[in-house]
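In what follows, a single structure is set out as structure tokens and then discussed.
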Amino acid sequence: MKNLKYYFEKAKKEKFAIGQFNFSTFEQVKGIVQAAKNLNSPVILGTSEGESKFVGLPEAVAMRNVLRKKYNVPVFLNLDHGKSFEAVKEAIDAGYDMVCFDGSKLPLEDLPAMPAHAGQAGNIKISKKVVSYAKWRGVLVEGEVGRFGTDASKIYQEEFKITEEFLTKPEEAKIYFAKTKVDVLAISIGNFHGMNVMGSVPRLDLVRFEEISNLLNIPFVLHGGSGTLDTDIRSAINFGVVKININTEIRLAFTNSLKKQLETNPDEITPYKYLQEPINEVQKIIEEKIKLFGSENKI
Ligand code: 13P
């Protein structure tokens, strides 16, 4: 089976994106992989910090292995937003295919050893350490420059509104990429985690993204894919996005369907009966995203 690097290169050349679909239950994984099989598409399973803790890193690796073998489709596993070298190292050691190091809250470069910030290591320094640990183990690294917002829906724990200063600055992205040599780079161009901030649909700053992609011809990652307009998604892929992360829409599809099952069949106690419909709903969403991202028949 071809590796993830091969698929990122193919995606960049042929202008499509691979979905990273986050999960916290085996049922969600089943829906995701079934969709990939039906549409002949590579997929990336993602676990955030909370999801990793709940599922367990070795358990996530075991699920990937078992379903990759059973369905014979390229299923990969990415650690979403590892906030420290130790967190990403744990995922690499467990057998993840890729890790996202999220140093976006750190200064780009190290801060001097002054009392106020005690020589804090910057995003670049830790990213370099992650890359050197990951590379010779054959694991890919995603870096981040700029911060993403988080919506007010309570799906994510904290709300964070984005202002201009948190968007990716083209020059900083260039410096970061040149110094760290990460495999793919996540950018902040108005995208945010969740579906809606104060009732507004997320719109991508495509002018900024064009500026970044003119400066840097590399594979990019778009976080916060839920609720983003199809037209913005297609333009982002055109400017070099090869991976798009989706979480909220999967959580909503799964949870709403499960609630409905339990409400309409209050006496049902057999999990394999009331969980089939939520699996189908997840599969439906993933199939829509695979088609939108253009990764159908790209195996
Ligand atoms: P959404 O929840 O907005 O789809 O974002 C997912 C994500 O970016 C995970 O890193």
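Whatever order the structure lists them in is the order used to number ligands and atoms, beginning at 1. Computed from heavy atoms alone, side chains included, the values below leave out hydrogens, waters and symmetry copies.
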- Task: Using a strict cut-off of 4.0 Å, indicate which atoms of ligand 1 neighbour a heavy atom of T248.
- Result: 1 (P), 2 (O), 3 (O), 4 (O)

- Under the side chain to side chain donor-acceptor pair (under 3.5 Å) test, residues paired with K289 that sit two or more places apart: E249

- Under 3.5 Å, N or O to N or O, is S226 touching ligand 1 that way? yes

- Which ligand 1 atoms, with their elements, are less than 4.0 angstrom from a heavy-atom of I246? 4 (O)

- Task: For G194, counting its heavy atoms only, list the atoms of ligand 1 lying under 4.0 Å from any of them.
- Result: 1 (P), 2 (O), 3 (O)

- Below 4.0 angstrom from a heavy atom of F192, which ligand 1 atoms are there? Numbered from 1 as shown, please. 3 (O)

- Task: Scan residues 77-97 for pairs that pass ring pair (Phe, Tyr, Trp, His ring centres under 6.0 Å), counting only residues two or more places apart or in two chains.
- Result: H81-H193, H81-H223, F85-Y133

- Measure the shortest side-chain to side-chain distance between D232 and N191 over non-hydrogen atoms and say whether it is less than 4.5 angstrom. no

- ligand 1 atoms nearer than 4.0 angstrom to some heavy atom of H81 are 10 (O)

- Query: Is any side-chain heavy atom of F26 closer than 4.5 Å to a side-chain heavy atom of L67?
  - Reply: yes

- Task: Give a yes-or-no answer on whether the side chains of E281 and N256 include a donor-acceptor pair shorter than 3.5 Å.
- Result: no

- For ligand 1, which part of E249 has a heavy atom less than 4.0 Å away: the side chain, the backbone, both, or neither? neither

- Which atoms of ligand 1 have any heavy atom of N247 under 4.0 Å away? 1 (P), 2 (O), 4 (O), 6 (C)

- Query: Without hydrogens or angle criteria, can the side chains of N214 and E210 be said to hold a donor-acceptor pair below 3.5 Å?
  - Reply: no

- Note on the structure: Atoms of ligand 1 under 4.0 Å from any heavy atom of G224, numbered from 1 in the order shown, are 1 (P), 3 (O), 5 (O), 6 (C), 7 (C), 8 (O)

- Item | N22 N/O to ligand 1 N/O under 3.5 Å | no

- Task: May I ask you to say whether K243 pairs ionically with E142, meaning some side-chain N is under 4.0 Å from a carboxylate O?
- Result: yes

